[in-house]
Protein chains: 2
Amino acid sequence: MIINFSERAHNHNWDLDPIVRSLLDTDFYKLLMLQFIWKHFRTTNVAFSLRNRNATMRLADVIRREELISQLEHVKRLRFRRSELIWLAGNTFYSTRGIFEPAFLEWLEHDFALSEYELQERDGQLDLIFSGPWVSVTMWEIYALSIVNELKTRAALKGMSEFELDILYARAKTRLWSKITRLQNVPGLAIADFGTRRRHSFLWQEYVVEAMHAELGKSFTGTSNTFLAYKHDMEAIGTNAHEIPMAMAALTDNDADLKASQYRMLELWQQTYGGSLLVMLPDTYGTTQFLEHAPNWVTGWTGQRVDSKDPFVAGDEYIQWLQKRGADPRSKLLIASDGLDVQEILSLHAYFGGEIQPGVSAMNFRDAADFHDERKWRPDRRIRFSAGWGTLLTNDFRDCHPRNEDGLEPISLVCKLRSAEGRPAVKLSDNYLKASGPPDLVEHYRRVFGLAGMANLPVVV
Amino acid sequence: MIINFSERAHNHNWDLDPIVRSLLDTDFYKLLMLQFIWKHFRTTNVAFSLRNRNATMRLADVIRREELISQLEHVKRLRFRRSELIWLAGNTFYSTRGIFEPAFLEWLEHDFALSEYELQERDGQLDLIFSGPWVSVTMWEIYALSIVNELKTRAALKGMSEFELDILYARAKTRLWSKITRLQNVPGLAIADFGTRRRHSFLWQEYVVEAMHAELGKSFTGTSNTFLAYKHDMEAIGTNAHEIPMAMAALTDNDADLKASQYRMLELWQQTYGGSLLVMLPDTYGTTQFLEHAPNWVTGWTGQRVDSKDPFVAGDEYIQWLQKRGADPRSKLLIASDGLDVQEILSLHAYFGGEIQPGVSAMNFRDAADFHDERKWRPDRRIRFSAGWGTLLTNDFRDCHPRNEDGLEPISLVCKLRSAEGRPAVKLSDNYLKASGPPDLVEHYRRVFGLAGMANLPVVV
């Protein structure tokens, strides 16, 4: 065995093992939203903040401040590469070429820059605040989340021997494989990777995504990670997120405009994009009120993503709403994306897809009552269902630690819009416990939007 | 990432990936026996043959003849390296320095050579016959077994994608780790690796042995593989095998000498070695008759290895025999080495070691009746127990294949003495089904030695 001297010397001399390797290493919807913001809110100033919702996990004790800063500074120095921009310009997204305008791509190449940030330690937590023009701030979300998550991973791996690391990954791969084999040969299944933000590490996400791509065939519809889609010729998946309706809500001056802002956002979006990119996220201020008061043209949208409601309930609600409004739900798309794992994916697929398949039995329903309820178990497709599989795809290391320590458990880390033009941003969501914003303003929003259809659900990841 | 051009070019150009990397890559007892043969039977001619006892596994369909020949020829070209011989001379084996005589090491360096071989295909099987001076033939056993086993492994791996291979090894490592964790923190446990001959591959055995060494502390007493002991500073384990009593039996001219030959072998061995190397293998012609007729000095031996009898029964029999002969079994050693896995190792340790430990419960006994039999469950050590863990340590890939194929199941491959000076060799063993030799001669041996204590047990691996 001849030693690779250059590799060896490089390995013990490098000063940074970068977490974010490319500005494309972000969710595709961030790029769609960036163009949207660049078009409609180019001068709007916002603030985002990164918070850990698990108070018991003291991140500041685990992650060294200088490490975090080096990684953030590394991302600030990154530029979109020529071939990445050519790919954005020339690739087909959702069967459409030219989704990104030449002027936007020019701007990305020459003028895009990430905002400054402030790092504070408080109660053992690391608070990161990003503020400045929305177009400079928004992209921090995914970079910051994946950096903090991977630094936490690295900290947990630090004390492990080479052999223990090997066992850790052997166990995680065994787990991954057992998940993949359960998903093989299920007709009509559609799953995408949504796990960038809470991934164990970039390299692990890449491994997982390549495995899914190789083993699930067309059931694996793509990845939200634009860099992985670019690097491995996969579909880039995603449309939009809460930050847009939240900012547009914050910018209103009265309750009528506030309530209308959630539809105004949809109008602007469909002006900007069309076709398959018309997937709405109706839960920002509660799905039930959103649907009830929606203008009729909203039934023309391709589908909805369910993020904070029990997806069985949310899907039924959407189907009934479509039927009531005279639309055929079977041509619409329902995307679930909150804390999914194999069991729930198969159950949701069976429940909405309606096909009875080998390996999908009563066990795949949440409970036996659902299975025996004939109204819920139909031979026909009720709606097109697709799973956006996140944390439990790209960061399921539960019980994989060789010494059974818990440093690798995923934490509920979020990076959210805090304010727009100095006005605090509020999100209610369908889960009462997930509301965010200053308490008095949350109360005000609750009065405006009501509490219809909201529930308390445990926040998993 | 800078490509290592020399490695890459080497990888797609090499003509042989050798299976046996060193003449030390053999069971330690082969070297002890080689010196014994060199001293006492230097001119004796023998024949060994390699056979696959699983008729359903058609080896000749799986292993290419030329591949097998290239590997065998590679071993024939190997020589003991200077530093290996210095290690044999200078190392302490079983607390004794100078176990190998200078004249023997001289001979190893200058005169040792492997015999010729004949390769025949018959009914889809590969039969290998090695014949010539015993000192040139005996070492083939382990080299040939590990070559054929690893070629079988390589054939099974050939159709797998890189990802499938990765999953295969992830599963096998996960399995290995679950075994190791069950064995951790069991006071007084003693386990050695005996898995060279039926290993999955050399590199996998090396991985397994290093893992055991790192994780089990002094419970891992060493490896029978001399090359691994040399390479990783471990204890080399082993004493002797059936070929010696079988050859000495074949060379006798009458029934009285035949019956006496099993003790004559012990006399010669203790003339040659002493101390801890006095571990006998009493099952060649049946343990029960062996003990019953043994001269009293046999109680002075350190212990026995159980190879073909239920080790619970064999241990009890040995303990009772020692007590009847006035010897204290608690200072003696019982080594089990036939088809062991974690469950049986823990049960035997609890049964003979007598210590009640966390994790060792009724479940660790073969059946609940044993656990409730108070005579069998004692707080004191009854005998020193040690496990020689073989195939299910170094080749447990059951259910690890990503497509659930069975090409990696271990097979019952043996390489045995067939004749000495043209006279057929016979083994009876404690397992009636494991008898080997020409049928009429087996019958003759059975009349001479009797059938006391023999049973039919399934042959696992």
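A note on names: the letters A, B, ... follow the listed sequences, proteins ahead of strands, and every chain is numbered from 1.
Within 6.0 Å of atom CZ in B:Arg8, 12 or fewer heavy atoms from other residues, nucleotides or ligands are found, so the atom counts as exposed in its surroundings. Around the CD atom of B:Glu235, the shell of radius 6.0 Å holds no more than 12 heavy atoms that belong to other residues, nucleotides or ligands. Counting heavy-atom neighbours within 6.0 Å of A:Asp17 CG, excluding the residue itself, gives a total above 12.
Judged by distance alone, the side chain of B:Thr174 and the main-chain N or O of A:Thr174 form no donor-acceptor pair under 3.5 Å.
Looking only at side-chain heavy atoms (C-beta outward), A:Glu7 and B:Ile2 stay at 4.5 Å or farther from each other.
Both the backbone and the side chain of A:Ala211 come within contact range of chain B, judged by heavy atoms closer than 4.5 Å. Proximity to chain B is limited to the side chain of A:Glu215, based on heavy atoms less than 4.5 angstrom apart.
Here the closest heavy-atom approach between residue A:Lys173 and residue B:Asp166 is recorded as NZ-OD2, 2.7 Å.
A:Arg171 meets the side chain to side chain donor-acceptor pair (under 3.5 Å) test with no other residue; sequence neighbours excluded.
Each ring pair (Phe, Tyr, Trp, His ring centres under 6.0 Å) pair with one or both residues in residues 172-196 of chain A, not counting sequence neighbours, appears once here: A:Trp177-B:Phe163.
The residue among B:Ser161, B:Ala170, B:Ala172 with the most heavy atom pairs within less than 4.5 Å of chain A is B:Ala170.
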